[in-house]
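The chains referred to below are lettered A, B, ... by the order of the sequence lines, with proteins before strands, and numbering in each begins at 1. Keep in mind that this is a model prediction, so the values were computed, not measured. Only heavy atoms go into these numbers, but all of them, side chains included; no hydrogens, no water, no symmetry mates.
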Amino acid sequence: MSTVAESSAAESRASAAGRPARKGIRGTNLAFWIFVGPFTLGLLIFAYVPIVWSLFLSFFDARNTVTPTDFVGLQNYVDMLTDPDFLSSMVTFTVFAIFIVPLTFALSLALALLVNQVRVARAFFRSVFFLPTACSYVVASLIWKLSIFNGVRFGLANTVLGWFGIENIAWLSTVDPPWYWIPLVTVRLWLQLGFYMILFIAGLQRIPTELYEAAYVDGAKPGWQIFRFITFPQLRATSVAVLILNLIAAYQAFDEFYNLVGNVNYARPPLVYLYGVSLGSIQDLGRGSAGALILAVIIMIVTLVQSRIFGFGKAE
Amino acid sequence: MTSHHPTAFMSRRGFLRGAGGVAALGILAAACGSNTGRSPGGNGKVALAQWYHQYGEAGTKEAALRYAKAYPDASVTVQWTPGDYGSKLASGLLSDKGPDVFESQLNIAMVQSKQVVALDDIMEDVKDDFNENDITTNTVDGKIYGVRMIDDPQLIYYRKSLLDKAGLKPPTTVDDLIETAKALTTDKMKGIFVGNDGGLALGGPALWSSGGSFLTPERSPNFAGPRAAQAFSKLRELHTSKALLLGAPTDWWDPGALINELAAMQWIGLWAMPAIQKKFGDDIGVIAFPKLDAQGKDAVYSGGWTQFVSAKSKNVEAAKKFVRWLWIDKAEFQEDWCLSYGFHIPPRKSLAAKASKLQAGPAADAVRLAADYGNTDNPAWTPKMGSAFGDMLTNVIKKGADPATELPKAEKTVQTELDRLFG
């Protein structure tokens with residue numbers, strides 16, 4: 001009995017000192033595993049096991065099977081790196097990134113600046129612009145395809161053009177000029193602008209007001225000058241994060257391409273091509289896996305280079 | 001009381017640990033518990049999963065469920081798949097969690113990777129009652145791998161009244177077709193609809209209309225000659241004629257574009273006949289894809305669906321028995337499936353002869369055209385070859401690439417695949 005009382009007392013002393021002792025550490029461990037465990041397990045089973053399995057498959061002739069026996073060494077990698085369709089999907093991706101990354105960056109920053117300036121109903125505007133983020137890519141793609149950018153006279157875009165006497169445009173089917181980029185780029189902008197806007201707003205709110213006050217005292221003009229010399233440099237960390245996230249998201253483009261234009265060779269980003277090779281009717285899981293790993297390595301290298309150039313994660 | 005303290009502490013820990021474990025398991029179970037469409041068989045019966053793609057016509061799903069329920073010897077669960085059935089089926093066939101019985105089209109890769117079992121034993125006594133093409137398209141190396149469920153000729157539907165108004169006769173050559181489509185185009189309606197992709201569905205028909213084929217009987221590429229190139233150029237011409245409907249809300253396999261008067265003609269299968277006739281009555285005619293020129297030949301694509309038994313099924317024999325029962329023995333179900341919803345030609349000659357709904361009007365014309373000009377799938381033509389062919393067509397039709405430079409590329413891919421498959 002006295003032992004228990006003593007240890008209790010020791011515990012309460014330890015707690016009082018702000019350093020939970022034995023029990024506290026165990027408690028932390030338990031809480032840690034309760035929160036992190038399921039996700040780690042999920043990550044392990046649904047991300048790492050498939051990655052390792054892909055690596056395994058990529059060295060085999062794995063057609064129509066996930067348990068192949070025919071080892072082919074690096075042949076799948078050679079095939080993918082010399083496959084003109086895979087390479088052209090990289091080109092498609094690059095074109096897409098050239099459109100989407102700067103546009104998303106500029107527009108979400110502009111939105112953040114505007115919403116941050118608003119004096120009334122700020123939460124409302126923030127929510128309104130953020131809401132599309134909650135919409136699924138597939139649903140948004142279907143709306144874009146069937147009601148806004150369909151090729152017949154009652155599509156929204158064609159109705160508007162009709163007011164000006166302009167002929168119907170088959171948005172998703174016209175390759176020359178490549179009108180299909182308009183639905184592809186706008187649907188992604190609509191879906192992701194709000195998310196990056198929130199990141200920028202968070203960044204804006206972390207800029208100390210003293211800086212603006214000091215600038216004002218020093219005679220800096222509100223508007224471009226303030227933005228150029230205070231706001232934008234102060235947003236460096238956020239900007240870099242937005243750029244990196246954006247580029248990775250662009251590499252992973254799949255849903256809107258697959259749903260808007262399908263698996264067509266003129267607008268086929270790498271993931272859609274790989275889906276066709278490995279999971280579609282072709283079922284060449286060896287080459288598909290090799291392609292996926294090549295893509296993963298490229299994303300990793302680009303992200304590392306980008307972080308090095310922009311100094312991601314460095315103190316501001 | 002004193003001894004309570006550690007116990008209470010332990011039990012709380014124990015509870016939390018347990019709860020955490022249960023939560024994790026729950027998440028896993030929710031994530032892993034995929035519905036294979038197979039429920040445990042009641043009354044000690046074998047459980048079978050049967051997979052269908054989504055048929056567009058009302059009542060088809062209920063019919064499929066009704067047939068499955070009527071089978072006495074196994075408890076059959078139907079999985080009805082909207083959307084990308086091909087991809088779902090392909091992954092389903094990788095494990096024994098997939099279907100026991102499924103519908104698809106045969107290609108040699110399915111046989112070589114041992115996904116399907118031969119069905120000669122259940123076909124033996126009825127083989128001669130099947131349309132020859134339906135046997136050929138399901139035969140690899142002398143063995144029959146599938147039981148044809150339905151034949152779906154695809155051809156061109158046109159509105160008679162619109163042609164009459166323009167003073168035109170149904171087109172008899174590809175050039176005619178393009179001119180007719182142009183003549184029927186108004187500011188409200190396009191001349192013809194062949195799919196939102198600009199006409200990939202016409203690749204085969206155009207090739208056949210020039211007298212070519214995908215592969216020779218000796219299995220070498222036969223789609224890359226000068227006449228084939230000319231036929232594919234015609235598809236490009238159609239695409240740039242401004243007479244082609246593109247970006248329609250529905251695709252070519254759905255009668256929507258014709259019914260909503262977005263186009264005066266449409267490439268589509270016999271299945272849509274009831275829906276189209278309901279809207280236009282007698283104002284409908286059908287023609288084959290017209291011949292390229294005098295040396296060519298009209299072409300109909302005789303598509304369709306075939307029932308297979310998965311080699312990975314745990315109950316291959318029970319699955320075979322079910323296929324035999326439903327698609328060979330139960331003639332009334334086959335008739336119902338072919339004629340009560342969309343129209344399909346019954347693959348059994350005995351049933352086709354009795355199909356009164358297909359013996360008058362445009363349905364009868366479609367059946368006749370299919371018999372005269374029908375082309376079925378060659379099982380040696382694999383999805384990989386199909387994808388190379390489709391890319392070639394996209395480049396020619398949409399980008400205006402020269403078939404003479406595109407065809408050798410597709411031919412090379414196909415040849416590589418043929419070498420791999422047949423050595």
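- Looking at B/K188, both its backbone and its side chain come within 4.5 Å of chain A, counting heavy atoms on both sides.
- Between the side chain of A/S173 and the main chain of B/N196, a donor-acceptor pair closer than 3.5 Å is present.
- Of the possible donor and acceptor atoms, none in the side chain of A/N150 sits under 3.5 Å from a partner among the backbone N and O of B/A248.
- Closest approach of A/V152 and B/P249 over heavy atoms only: CG2-CD, 4.1 Å.
- For A/F149, no part sits under 4.5 Å from any heavy atom of chain B, backbone or side chain.
- Side-chain atoms of A/F154 and B/L262, non-hydrogen and from C-beta on, do get closer than 4.5 Å to each other.
- For the residue pair B/K399 / A/Y266, no side-chain donor-acceptor distance below 3.5 Å is found, with atom types taken as modelled.
- Of the atoms belonging to A/R63, heavy atoms from both backbone and side chain fall under 4.5 Å from chain B.
- Under the 4.5 Å side-chain criterion, counting only non-hydrogen atoms from C-beta, B/S91 is not in contact with A/L279.
- Of the atoms belonging to A/Y180, not a single heavy atom falls under 4.5 Å from chain B.
- Counting heavy atoms from C-beta outward, A/V261 and B/D197 have side chains that stay 4.5 Å or more apart.
- Using a 4.5 Å heavy-atom cutoff, the side chains of A/N64 and B/Q115 are in contact.
- Atom CD of B/E417 and atom CD1 of A/I282 lie 8.0 Å apart (nearest 0.5 Å).
- With a 4.5 Å cut-off on non-hydrogen atoms, B/D84 touches chain A through its side chain but not through its backbone.
- Nearest heavy-atom pair, B/A90 versus A/G280, reported as atom, atom and distance to 0.1 Å: CB-O, 3.9 Å.
- Annotation for B/G247 and A/A170: closest pair N-CB, 4.4 Å, computed over non-hydrogen atoms.
- Ionic pairing of A/D85 and B/K409 is not present here: no N-O contact between side-chain nitrogen and carboxylate oxygen is shorter than 4.0 angstrom.
- Of the two parts of A/I169, neither the backbone nor the side chain holds a non-hydrogen atom closer than 4.5 Å to a non-hydrogen atom of chain B.
- Heavy-atom distances place no part of B/L89 under 4.5 Å from chain A, backbone and side chain included.
- For B/F422, the CZ atom is densely surrounded, since the number of other residues' heavy atoms within 6.0 Å is greater than 12.
- Here the OG1-CG distance, from B/T250 to A/L146, works out to 9.5 Å after rounding to the nearest 0.5 Å.
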